[in-house]
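Counting convention: from 1, in listed order, for ligands and their atoms alike.
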Amino acid sequence: MKAALLYGVRDLRVESVDTPKIGAGEILVKVKAATTCGTDLKIFQRGYVAGVINLPTVFGHEWAGDVVEVGEGVGWLKKGMRVRAGNSSPCLQCRMCQKEKYNLCEDMMWLWGAYAEYIKVPARIVTLNTQQIPPHLTYEEAAVTEPLACVLHGVEEAHVKLGDTVAIMGAGPIGLLHLLVAEKMGAGKIVVSDTIDERLHLARELGADETVNAKREDMVEKTKQLTGAYGADVVIEAIGTPATWEQTLKMVRKGGTALMFGGCPPQTEIRVSTEQLHYGETTILGTFHTTPAHFKKALNLIASGTINVKPLITRKMKLDEIREAFETLTTSKSDLKIAILP
Ligand SMILES: [Zn+2]
Ligand SMILES: [Zn+2]
């Protein structure tokens, strides 16, 4: 089969590799669409993920397809079914799983390799994190289940309430998903910042009340202005730099929550005002990844039309063009997600 292999920084090649063989409890899926993700882009630009990936590596983790082989002992999945699976499954046994912090599982099983003609889903992921896709849903919409699941986990932890003012730093796919979810949670006013006008334009179309181009305007000042110097109830950081994390803290009202969603480069730190933390009772919240329950909820929300992910998929390209796809995402920021169709 054909699969994209990453050899190093910006060195992505489509090669012929063995089609995976499945064992008991596993399924083989013909990938029909895989969507690009900020994490993939980081891996492409950096050429590695420390300690996680050995080069050359298959990658891609947002996908949907058709079941073509079913291993012994797999109950409900049948050949020909349209499915999606998450890129992880917790062990249910470790201390974090025992505390129901499934996203922090100490023995998480990960699944990469969506930019390929076929993907093998291991037994644990078949059991805990595979779903059938309703007939009316396209494969590329179903693929976006993964980032939406992560965002649902984040927004739930941040407790966005009816009428809240929510400020979002970053109008990439993750920032925009936060916008869509915060709206449904009943946010009263949503402010979104980015440095790319096209993205801010889309944010407005998707329901942002105010947008700020951070190249021209100061998001901290703007948020204060819009809230009568009060600050936003919830501020969501969806960029992932220490500087924007620190800005995020400057935009929260007393007793409000700063959700640090965007992962920063390794070994970075931020400065936090002790006064703000103590007298201002700021909650600084980090969330990472998501759980199988959120994956299920995310697919249901996409299927019911509650969350429309279509505007986030700005282009479709062939597996053979994957290098070009990532170069496009690196250079032009007007594309959000590209659906790779093998
Ligand atoms: Zn992703
Ligand atoms: Zn675990």
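For the Zn ion (ligand 2), the tally of protein N/O/S atoms lying closer than 2.8 Å stands at 4.
With a 6.0 Å cutoff to the six-membered ring centre and a 45° limit on the axis angle, R82 counts as a cation-pi contact of Y139.
With salt bridges taken as basic N to acidic carboxylate O contacts below 4.0 Å, one links D197 and R216. Ion pairing of R124 with D107 is present here, as a side-chain N (NZ or NE/NH1/NH2) and a carboxylate O approach within less than 4.0 Å. Electrostatic pairing of E321 and R315 does not count as a salt bridge here, judged by no charged N lying under 4.0 Å from a carboxylate O. At a threshold of 4.0 Å, the pair R323-E327 counts as salt-bridged, since one of the basic side-chain nitrogens sits closer than that to a carboxylate oxygen. Using a 4.0 Å cut-off between charged side-chain N and carboxylate O, E106 and R95 make a salt bridge.
No other N/O/S atom of E62 lies as close to the Zn ion (ligand 1) as OE2 does. Within E146, the N, O or S atom lying nearest to the Zn ion (ligand 1) carries the name OE1.
Rounding to 10°, one obtains 100° for the angle at the Zn ion (ligand 1) between NE2 (H61) and SG (C37).
Residue H153 forms a side chain to side chain donor-acceptor pair (under 3.5 Å) with just one option from N103, T287, T290, and that option is N103.
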